[in-house]
Amino acid sequence: MEHAKQATLAEKLDSINEYEREPVPESQTKKFKSFVGMMAGEHIAGTEFVIGPLFVLHGAAAGDIFLGLLVGNILATLSWTLICAPIAVKTRLTIYYQLEKICGKRLVSIFNAINGFQSCALAASMIAVSATAAALFFNMPIPGLTDVYPNSFSWVILVALIGAVITVVTIFGYDKVAQFSGVCAPWMPLVFLAAGLSALPALGVSSFSDFWQVAQEKIWTGVPQPGQTKYTFWHIVIFSWLCNSAMHIGMSDMSLYRYAKKASYGLASAAGMFIGHYMAWIASGILCALALQSGNTNPSPGQIAYGSAGVAGIVCVVVAGWTTANPTIYRAGLALQALIPRVKRWKVTLYVGIIASLLACLPAMISKLDQVLAVYALFVAPVGAVIVLDVYVFPKLNLRSNYAEKRKIAFNWAVAVTWVVSMLAGYALYVYTKADFFFFMAVPCWFIAAFLYILLSKLTQQKEPVPATAQTMRK
Amino acid sequence: MKPLLKILSYLGLLLTVVPSVLVFAGSISLDLHKHLMAAGMLLWFLTAPFWMNLKEA
């Protein structure tokens with residue numbers, strides 16, 4: 001009886017079709033509202049309780065925060081709307097399957113493996129953030145924003161349990177993820193707003209006319225904390241634009257937007273950018289300033305939220321980390337499933353969840369989050385350039401799109417050299433310019449990759465007529 | 001039943017954000033604000049999943 005029940009569950013899981021290796025049919029596309037909920041849920045994350053304080057600790061000035069975040073988040077929204085979503089709707093493929101057509105199975109396997117691991121690291125950050133809030137219920141030692149290693153065995157157990165629950169939910173696929181995010185999405189931003197607003201009186205704001213002076217003198221003072229670098233207007237712009245570069249100019253969100261009815265649904269990202277990033281980072285910055293004022297120089301996300309929002313704040317941090325960990329583990333599952341297509345997606349997702357949960361035990365996944373995001377950006381920016389050029393520019397230059405598929409090759413050297421050389425060039429620029437922010441290199445890296453890919457493709461593509469039946473992209 | 005659930009859900013959202021305005025205005029204490037936020041959270045999560053359009057076409 002038990003064996004029969006288990007077989008039924010496995011069959012049910014195996015029957016979930018996520019169109020990993022085929023275009024999403026029109027009948028399965030989703031409405032705009034679905035993407036608003038998904039993007040709002042994903043980008044109103046527990047890590048917003050990390051990034052807002054980061055700006056405060058790095059001495060960003062108040063004016064730089066408000067204007068820099070505005071410019072950066074507009075650029076991010078445009079990146080989704082004008083670059084990622086149009087290609088996703090045109091091809092209706094996952095980024096992994098699209099890349100396989102362009103660069104060959106052997107090369108995409110390398111990309112998938114590294115991308116899957118990067119996604120594991122990001123998911124680990126989200127799981128760890130949730131754990132800092134859950135830990136408050138159990139009165140256990142909580143690692144702070146500057147810690148690297150676990151400070152107790154109970155922390156490790158708690159993180160593992162939270163990771164296990166998140167992984168089980170993710171296994172049931174995109175629809176369940178969207179549903180969960182959809183329910184949380186209207187509530188979470190209100191918690192951020194309420195926490196930030198309620199903290200202002202303690203900082204000396206008794207009316208709106210007091211706000212700007214207090215913002216400059218006590219919150220975003222323009223003076224970094226000891227040992228921290230200074231963040232300028234350009235740091236704020238670049239960070240807010242490119243912290244999700246893996247998803248927009250890096251094209252990872254093809255895997256989500258392939259379900260969109262229209263490319264304009266990329267505008268749904270504004271919900272995430274302006275509610276999740278703009279408002280939430282400002283609110284969490286206010287909470288960090290309050291923690292600093294009270295003498296806590298190493299607060300955790302859970303402590304910051306609890307201070308002004310109580311139990312609701314704790315639950316918000318747990319849920320916010322969860323709703324971002326879910327799609328991240330989902331993406332990692334897709335990436336690695338493309339590597340081993342004979343293994344069912346739910347099993348791969350399970351393995352990914354286990355890896356992410358183990359990594360989450362290290363508080364460094366929170367304290368070094370900016371470095372994790374920056375490395376991710378540098379890794380995926382060239383790949384995004386390759387896809388954009390292959391889909392839109394190559395036909396105009398009489399170069400063949402999906403070259404690996406058409407030539408039946410497993411390794412497209414033009415892509416491989418483009419990828420490696422542009423990443424190295426980005427790093428070289430970082431060292432040569434003595435830049436203090438790795439993110440600054442992602443955009444030059446993207447353009448270097450675009451140039452190199454055209455050049456190398458012209459050199460390597462053989463002059464053969466393209467069969468009419470070989471056209472695989474949907475008009 | 002669904003209209004009643006919606007009303008309760010929106011009441012939950014109001015309880016989440018309005019108390020913070022009252023704290024800012026100096027009308028209520030931070031502790032009361034936290035309790036009201038918790039009540040709003042429970043109201044939202046106990047009612048919203050039953051009416052939100054969870055089967056998106």
Name the option with the most non-hydrogen atom pairs under 4.5 Å to chain B; the candidates are [options].
options	answer
A:V191, A:I314, A:V311, A:L193	A:V191
A:A194, A:G310, A:S207	A:A194
A:C316, A:S206, A:S308	A:S308

Is any side-chain heavy atom of B:L22 less than 4.5 Å from a side-chain heavy atom of B:H33?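 B:L22 vs B:H33: side chains apart.
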
Can you tell which part of B:V18 gets under 4.5 Å to a heavy atom of chain A, answering side chain, backbone, both or neither?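 When you check distances to chain A, no heavy atom of B:V18 falls under 4.5 Å.
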
So what's closer than 4.5 Å to chain A heavy atoms on B:L13: side chain, backbone, both or neither?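 It is both, since atoms from each part get that close.
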
Side chain, backbone, both or neither: which part of A:L200 has an atom under 4.5 Å from a heavy atom of chain B?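 Side chain only.
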
Short side-chain to backbone donor-acceptor contact, B:S20 and A:L197, under 3.5 Å: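 No; judged by distance alone, with no hydrogens or angles, the pair does not exist.
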
Could you tell me whether the side chain of A:Y257 and the main chain of A:V89 form a donor-acceptor pair under 3.5 Å?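 Here the side-chain-to-backbone pair does not exist.
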
Minimum heavy-atom separation for A:G321 and A:S130, please, with both atom names.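 Nearest pair, atom of A:G321 first, then A:S130: CA-OG, 3.3 Å.
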
Short N-O contact, A:K261 and A:E26, less than 4.0 angstrom: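 So A:K261 does not pair with A:E26 through a salt bridge.
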
